[in-house]
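Right, one structure below, let's go through it.
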Amino acid sequence: MLKRIWHGWTRAVDADAYEELLRSTIFPAIVDRAIQGFLGIELLRRPLEAEVEFVTIMTFADQAAVVRFAGPAHDAAVVPPAARKLLSRYDGHAAHYELRATRHAQGQSSATA
């Protein structure tokens, strides 16, 4: 299993609009592609002094699934034009990590805001 991690930053004034674009348009479009081996996507957000940082963590079954998502240049960032308009800067490449272990606290479940 692979985790694809990517970072983007917005001005504080654009952060809510960018998050809404991700939640309402970009994430559903990824899910609607029904990419074999795509297992999910997570969104993290962190306010900084002058901007807001966003991190997406996508989970894939294997490298072939990453290529089905991103194409042959599998480590290149996939940033739609609407997102580019709201981002002040972003990583040009995503990093891929092999998931080696995970552990959850007993009685805990995942939650999103």
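Scope of the values below: all heavy atoms of this structure, side chains included, with no hydrogens, waters or symmetry mates. Remember, it's a predicted structure, so these values are computed and weren't measured experimentally. Along the sequence shown, the residues carry numbers beginning at 1.
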Measuring only between side-chain heavy atoms, which start at C-beta, is Met58 closer than 4.5 Å to Trp6?
no
Taking Trp9 as the starting point, is it possible to reach Leu87 by hopping between hydrophobic residues whose side chains are less than 4.5 Å apart?
no
Check ion pair Asp16-Arg45 (N to O, under 4.0 angstrom)
yes
Is the shortest side-chain heavy-atom distance between Leu2 and Glu98 below 4.5 Å?
yes
Is it the case that atom CD in Gln36 sees more than 12 heavy atoms from other parts of the structure closer than 6.0 Å?
no
Does the Asp91 side chain pair with the main chain of Ala94, one donor and one acceptor, at a distance under 3.5 Å?
no
Would a hydrophobic clustering, with Ile, Leu, Val, Met, Phe, Trp and Tyr connected at side-chain separations under 4.5 Å, put Ile26 with Ile35?
yes
Gly8 backbone acceptor or donor facing Arg89 side chain under 3.5 Å:
no
d(Lys3 NZ, His96 NE2) to nearest 0.5 Å is 12.5 Å
Determine the interplanar angle of the Phe54 and Tyr18 rings, folded into 0 to 90°, and report it as parallel if under 30°, tilted if 30 to 60°, perpendicular if over 60°.
perpendicular
Does this structure show an ion pair linking Arg11 with Glu51, if we count only N-O contacts that are shorter than 4.0 Å?
no
Roughly how far apart are His7 NE2 and His93 NE2, rounded to 0.5 Å?
15.0 Å
Look at the side-chain heavy atoms of Ile, Leu, Val, Met, Phe, Trp and Tyr, link any pair under 4.5 Å apart, and say whether Leu86 and Ile41 land in one connected group.
yes
For the hydrophobic clusters of this structure (ILVMFWY residues joined by side-chain heavy atoms under 4.5 Å, transitively), does one cluster hold both Ile5 and Val66?
no
What's the separation between atom CE in Met1 and atom CG in Asp62, rounded to the nearest 0.5 Å?
10.0 Å
Roughly how far, to the nearest 0.5 Å, is the CG atom of Leu22 from the CD atom of Glu20?
9.5 Å
Hey, quick one: are Ile57 and Phe69 part of the same hydrophobic cluster, counting side-chain heavy atoms closer than 4.5 Å, chains of contacts allowed?
no
To the closest 0.5 Å, what do you measure between CD (Glu53) and OG1 (Thr10)?
10.5 Å
Assess the side chains of Tyr97 and Arg4: does a donor N or O sit below 3.5 Å from an acceptor N or O?
no
